[in-house]
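Heads up, the thing below is written out as structure tokens.
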Amino acid sequence: MFQNYKSTVKRAQCTLQDPERVSGALINVAKHLGNLKFRVWEKMQETVQYTPVTLDPNTAHPKLILSEDLTSLRCDNKKQQLPDNQERFDMWGDVLGSEGFNSGTHCWDVEVGENTWWYVGVMTESLQRKGDYTSMSGYWYVWYYDAAYGTCAAPHDPTPLTVYQKPQRIRVQLDWDRGKLSFSNPDNNKHLHTFTHRFTERVFPYFFTGRNVPLRMLPVKASVRVEQHS
């Protein structure tokens, strides 16, 4: 039995050799963790959208229905029960953007689609929201009503506008400092109209619709840019 024991112990013993050094076996930590926040943001660009203009529900006429993300509006015949605050329009189906501008250049696209009654433009912060303000100065817009286009710089009368191809989208470009408000069709880059005015106060994106067909604020593609130090 003793001999069997010695034989068993001998078989059980083994000599451990140093592990072989395998090239590339380590995790490339720098690849996965270097600039991690930047790489996460790069990936997020594929799913995150940025909309230059969102709507201010506190200004919306009670007949307007805004989407949950505040990027579209349509008109319903039934008034909603909403607070009659000073900022809210109460006569026409109007709403303003949530952010106003008193300097710089700004641009936003509005999908008008098959809506047959809409106004798109800007309005000054001080213009009254209650009652009929249409004879007062302080807002500029292009309009479409049952196959006719036009422009208006209140208190002047609306002016007909010739449009050869019905736009699905309207691009609004505001250069506050230079006093220019331009409208174009971004699908064919056709210029529609430009207002010139010396702005002296903050203006807000302005929208009106009298139809139950949505007007939509369109998102733009966000991008990350790396600048090298000179």
Side-chain angles (χ1 to χ4, degrees), residues 52-64 66 73-75 79 82 84-110 112 115-163 166-167 169-185 190-211 213 215 217:
V53 170
T54 55
L55 305 172
D56 182 359
N58 291 333
T59 66
H61 186 279
K63 283 189 176 182
L64 289 184
L66 308 187
L73 64 144
R74 59 183 177 86
C75 185
K79 281 189 176 182
L82 298 174
D84 187 24
N85 49 298
Q86 284 298 113
E87 300 87 354
R88 191 179 306 282
F89 293 98
D90 65 356
M91 189 164 187
W92 311 107
D94 304 322
V95 64
L96 298 182
S98 60
E99 181 182 358
F101 311 114
N102 60 0
S103 65
T105 58
H106 310 274
C107 180
W108 58 95
D109 288 353
V110 185
V112 295
N115 191 305
T116 58
W117 192 12
W118 51 260
Y119 302 169
V120 173
V122 300
M123 178 178 283
T124 58
E125 185 172 28
S126 62
L127 187 62
Q128 73 173 43
R129 316 277 172 81
K130 301 300 185 184
D132 187 359
Y133 56 82
T134 55
S135 62
M136 302 178 183
S137 61
Y139 67 116
W140 304 260
Y141 61 91
V142 296
W143 54 266
Y144 178 67
Y145 179 67
D146 290 344
Y149 292 88
T151 69
C152 186
H156 302 293
D157 292 334
T159 302
L161 178 66
T162 300
V163 177
K166 184 179 184 295
R169 298 185 294 163
I170 299 293
R171 175 163 293 168
V172 186
Q173 293 176 290
L174 170 67
D175 189 334
W176 194 96
D177 300 302
R178 294 185 177 183
K180 288 187 176 182
L181 177 66
S182 298
F183 300 86
S184 61
N185 180 349
K190 292 293 185 182
H191 173 260
L192 298 176
H193 186 74
T194 295
F195 293 104
T196 57
H197 177 80
R198 184 176 176 272
F199 298 110
T200 58
E201 64 174 295
R202 190 183 305 273
V203 296
F204 287 80
Y206 162 74
F207 311 93
F208 161 89
T209 183
R211 298 289 185 258
V213 178
L215 301 182
M217 313 301 114

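Computed over heavy atoms, backbone and side chain alike; hydrogens, waters and symmetry mates excluded. This structure is a prediction, so every number in the text was calculated from the model and none was measured.
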Quiz item: Under the side-chain contact (heavy atoms from CB on, under 4.5 Å) criterion, do Leu192 and Ile170 qualify, and how do the steps go?
Solution: CA-CA 9 Å; Leu192 298 176; Ile170 299 293; 3.8 Å; yes
Practice problem: Look up atom CG in Asn185 and atom NE2 in His191, then write down how far apart they are to the nearest 0.5 Å. | Solution: 12.0 Å
Quiz item: Which heavy atom of Leu161 sits nearest a heavy atom of His193, and at what distance?
Solution: CD1-CB, 4.4 Å
Quiz item: Looking at side-chain heavy atoms only, is the closest gap between Arg129 and Glu87 below 4.5 Å?
Solution: yes
Exercise. Measure the spacing between NZ of Lys130 and CZ of Arg88 and express it to the nearest 0.5 Å.
Key: 7.0 Å
Practice problem: Give a yes or no answer on whether the side chain of Glu201 reaches the backbone of Ser126 with a donor-acceptor pair at less than 3.5 Å. | Solution: yes
Quiz item: What closest approach, in Å, do Cys107 and Gln173 show between heavy atoms, and which atom pair accounts for it?
Solution: SG-CG, 3.6 Å
Exercise. Quick one: closest heavy-atom pair of Gly121 and Trp108, and the distance?
Key: O-CZ2, 4.2 Å
Quiz item: Got a second to check how far Asn102's CG is from Phe199's CZ, nearest 0.5 Å?
Solution: 12.0 Å
Self-check item: Shortest non-hydrogen contact from Lys79 toward Lys63
Solution: CG-CG, 3.6 Å
Self-check item: Contacts of Asp109 that satisfy salt bridge (Lys or Arg N to Asp or Glu O under 4.0 Å) - sequence neighbours left out
Solution: Arg169, Arg171
Quiz prompt | Tyr139 vs Thr134 side-chain heavy atoms within contact, under 4.5 Å | solution = yes
Quiz item: Heavy atoms, side chains only, cut-off 4.5 Å: are Phe208 and Cys75 in contact?
Solution: no
Extract all donor-acceptor atom pairs below 3.5 Å that involve side chains of residues 141-159 and protein atoms in other chains or at least two apart in sequence.
unit_1 : atom_1 : unit_2 : atom_2 : d
Tyr144 : OH     : Ala147 : N      : 3.3
Asp146 : OD1    : Arg211 : NH2    : 3.4

Quiz item: Measuring from Leu96:CG to Met123:CE, what's the distance to the nearest 0.5 Å?
Solution: 6.0 Å
Exercise. Might you confirm whether atom NZ of Lys166 has over 12 heavy atoms from other residues, nucleotides or ligands at distances under 6.0 Å?
Key: yes
Quiz item: For the residue pair Asn85 and Asn58, what are the closest heavy atoms and their distance?
Solution: ND2-O, 2.9 Å
Quiz item: Is the Phe183-Trp140 ring centre distance short of 6.0 angstrom?
Solution: no
Quiz item: Atom CZ in Phe207, atom CG in Leu64: separation rounded to 0.5 Å?
Solution: 11.5 Å
Quiz item: Are Leu181 and His197 close enough, and set up right, to give a side-chain contact (heavy atoms from CB on, under 4.5 Å), and what steps lead you there?
Solution: CA-CA 8 Å; Leu181 177 66; His197 177 80; over 6 Å; no
Quiz item: Quick one: which of Thr196, Thr194, Asp175 gives a side-chain hydrogen bond (donor to acceptor under 3.5 Å, both in side chains) with Ser182?
Solution: Thr194
Practice problem: Just grab all the side chain to side chain donor-acceptor pair (under 3.5 Å) pairs involving residues 92-101, residues at least two apart or on different chains. | Solution: Thr54-Ser98, Asp94-Tyr133, Asp94-Tyr206
Quiz prompt | Side chain to side chain, Met217 and Leu55, heavy atoms closer than 4.5 Å | solution = yes
Quiz item: Going from OG1 on Thr209 to OH on Tyr119, what distance comes out if it is rounded to the nearest 0.5 angstrom?
Solution: 10.0 Å
Quiz item: Can you name the closest pair of heavy atoms from Pro167 and Val112 and give their distance?
Solution: O-CG2, 3.5 Å
